[in-house]
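Keep in mind it's a predicted model, so treat the numbers as computed, not measured.
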Protein chains: 2
Amino acid sequence: MNPTPLYTQLADILREMITSGQLQPRSPLPSESYLQQEQGVARGTVRTAIGILRDEGLVVTISGRGSFVKEPDPKASSGPD
Amino acid sequence: MNPTPLYTQLADILREMITSGQLQPRSPLPSESYLQQEQGVARGTVRTAIGILRDEGLVVTISGRGSFVKEPDPKASSGPD
DNA sequence: GCGGATTTGTACGTATGTATG
DNA sequence: GCATACATACGTACAAATCCG
């Protein structure tokens with residue numbers, strides 16, 4: 001049997017936290033090392049999961065800073081600073 | 001097969017310096033950057049090694065100051081103020 | 001109180017090796 | 001062989017705490 005990979009499961013969890021509003025736009029995701037310990041997985045697994053959300057355009061990752069929830073879509077009007 | 005990890009080896013070295021009395025109680029360990037250069041390893045490896053000794057209760061680390069050899073055991077009598 | 005130097009704390013980026021299914 | 005997953009180990013960058021002049 002091929003269970004859903006851990007990184008997919010973790011991506012699902014994080015995606016849910018974002019789409020549910022539990023993680024607000026521009027707010028940081030838990031750090032890789034936090035998620036590593038929290039979820040009991042290797043850091044590489046966490047990175048793969050976050051990479052999925054990055055591919056989906058849900059988060060942006062800044063080296064040395066963290067990963068952040070992307071804003072839905074600035075369109076025009078009150079755009080980004 | 002699996003050689004002892006560098007951080008374990010370094011922890012062993014530092015532990016020996018403590019248990020042998022080469023590093024006295026309350027005296028500071030060499031700084032992370034010193035050990036990094038001295039041992040030719042990455043800082044993360046040094047930090048992991050010191051973390052082991054911290055787990056073992058041999059040293060305490062103070063942010064911005066350093067890691068210090070812990071005193072064997074205050075017990076009672078002339079305890080800490 | 002301020003500025004610079006030192007030291008620890010945190011966080012991501014990357015590479016390699018091992019093991020399993 | 002490949003994907004998954006973990007462990008080790010390197011590097012870079014910046015923040016926070018501390019110390020001293």
Side-chain angles (χ1 to χ4, degrees), chain A residues 1-18 22-71 80-81, chain B residues 1-18 22-71 80-81:
Chain A
M1 295 193 321
N2 204 2
T4 308
L6 289 179
Y7 59 74
T8 302
Q9 295 179 41
L10 180 50
D12 289 345
I13 291 172
L14 293 173
R15 192 185 305 102
E16 183 57 28
M17 292 171 72
I18 294 172
Q22 189 176 339
L23 282 174
Q24 294 289 314
R26 285 180 316 201
S27 70
L29 270 64
S31 73
E32 292 176 358
S33 49
Y34 176 87
L35 289 170
Q36 172 183 345
Q37 294 171 72
E38 182 76 0
Q39 301 290 328
V41 298
R43 192 184 155 206
T45 304
V46 175
R47 285 183 58 76
T48 302
I50 294 178
I52 291 174
L53 304 181
R54 199 160 46 235
D55 279 354
E56 294 174 354
L58 283 177
V59 306
V60 289
T61 301
I62 305 178
S63 177
R65 292 279 174 284
S67 292
F68 301 84
V69 181
K70 204 189 264 187
E71 304 178 67
D81 295 342
Chain B
M1 277 201 5
N2 207 2
T4 309
L6 290 180
Y7 59 74
T8 302
Q9 295 179 42
L10 180 50
D12 289 345
I13 292 173
L14 294 172
R15 192 186 305 102
E16 183 58 29
M17 293 172 71
I18 294 172
Q22 189 177 340
L23 281 175
Q24 293 290 314
R26 287 187 310 262
S27 70
L29 269 65
S31 74
E32 291 175 2
S33 51
Y34 176 86
L35 289 170
Q36 171 183 348
Q37 294 172 68
E38 182 75 1
Q39 301 290 327
V41 297
R43 193 184 154 208
T45 304
V46 174
R47 286 182 59 77
T48 302
I50 293 179
I52 291 174
L53 303 182
R54 199 161 45 237
D55 279 354
E56 294 175 354
L58 284 177
V59 306
V60 289
T61 301
I62 304 177
S63 177
R65 291 187 55 198
S67 291
F68 300 84
V69 181
K70 201 189 268 189
E71 303 180 68
D81 293 343

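B/Ile50 and B/Glu32 get closest at one heavy-atom pair: CD1-CG, 4.2 Å. Taking all atoms of both residues into account, the shortest heavy-atom contact from A/Leu53 to A/Ile18 is CD1-CD1, 4.3 Å.
Here D/dA7 presents its C1' atom at 15 Å from CD of B/Gln9, a figure rounded to the nearest Å. Atom P of nucleotide D/dG11 and atom CD of B/Gln36 are separated by 7 Å, given to the nearest angstrom. Nucleotide D/dT12 holds its P atom 17 Å from the CD atom of B/Glu32, rounded to whole Å. Separating the CZ atom of A/Arg54 from the C1' atom of C/dG13 is a distance of 10 Å, rounded to the nearest angstrom. Atom CD in B/Gln37 sits roughly 14 Å away from atom C1' in D/dG11 (whole-Å rounding). Put simply, CG on B/Leu35 is 11 Å from P on C/dT7, counting in whole angstrom units. Protein atom CD of A/Gln39 is 15 Å distant from nucleotide atom C1' of D/dA5, rounded to whole Å. In this structure, B/Ile50 atom CD1 and C/dT8 atom C1' are separated by 9 Å, rounded to whole Å.
The phosphate of D/dC6 (OP1 or OP2) has a side-chain N or O of A/Thr45 nearer than 4.0 angstrom. The side chain of A/Arg47 contributes an N or O atom lying less than 4.0 Å from OP1 or OP2 of C/dG13. Of the side-chain N and O atoms in A/Ser63, none sit less than 4.0 angstrom from OP1 or OP2 of C/dA11. One finds a side-chain N or O of B/Tyr7 lying less than 4.0 angstrom from the OP1 or OP2 phosphate oxygen of D/dT8. In this structure, A/Arg65 does not reach the D/dC14 phosphate: none of its side-chain N or O atoms is under 4.0 Å from OP1 or OP2.
Comparing B/Gly64 and B/Gly44 along DNA chain D, the residue whose closest nucleotide (by nearest heavy atom) sits nearer the 5' end is B/Gly44. Residue whose closest nucleotide on DNA chain D sits further toward the 5' end, between B/Leu6 and A/Val41: A/Val41.
When distances are taken from the side chain of B/Thr61 to each of C/dT8, D/dC10, D/dC6, the shortest belongs to C/dT8. If you check C/dA11, D/dC10, D/dA7 against the side chain of A/Ser33, the one that comes closest is C/dA11.
Nucleic acid contact for B/Thr48: none, since no nucleic acid atom lies under 4.0 Å from a heavy atom of the residue. At a threshold of 4.0 angstrom between heavy atoms, the contacts of A/Gly40 are confined to the sugar-phosphate backbone, with no base atom among them.
Between B/Leu6 and B/Gln39, the closest side-chain pair of non-hydrogen atoms is not below 4.5 Å. Side-chain contact between B/Val59 and B/Leu23: absent, with no pair of heavy atoms (C-beta onward) separated by less than 4.5 Å.
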Derivation of the side chain to side chain contact (heavy atoms under 4.5 Å, CB included) call for A/Leu58 and A/Arg15:
CA-CA 8 Å; A/Leu58 283 177; A/Arg15 192 185 305 102; 3.5 Å; yes
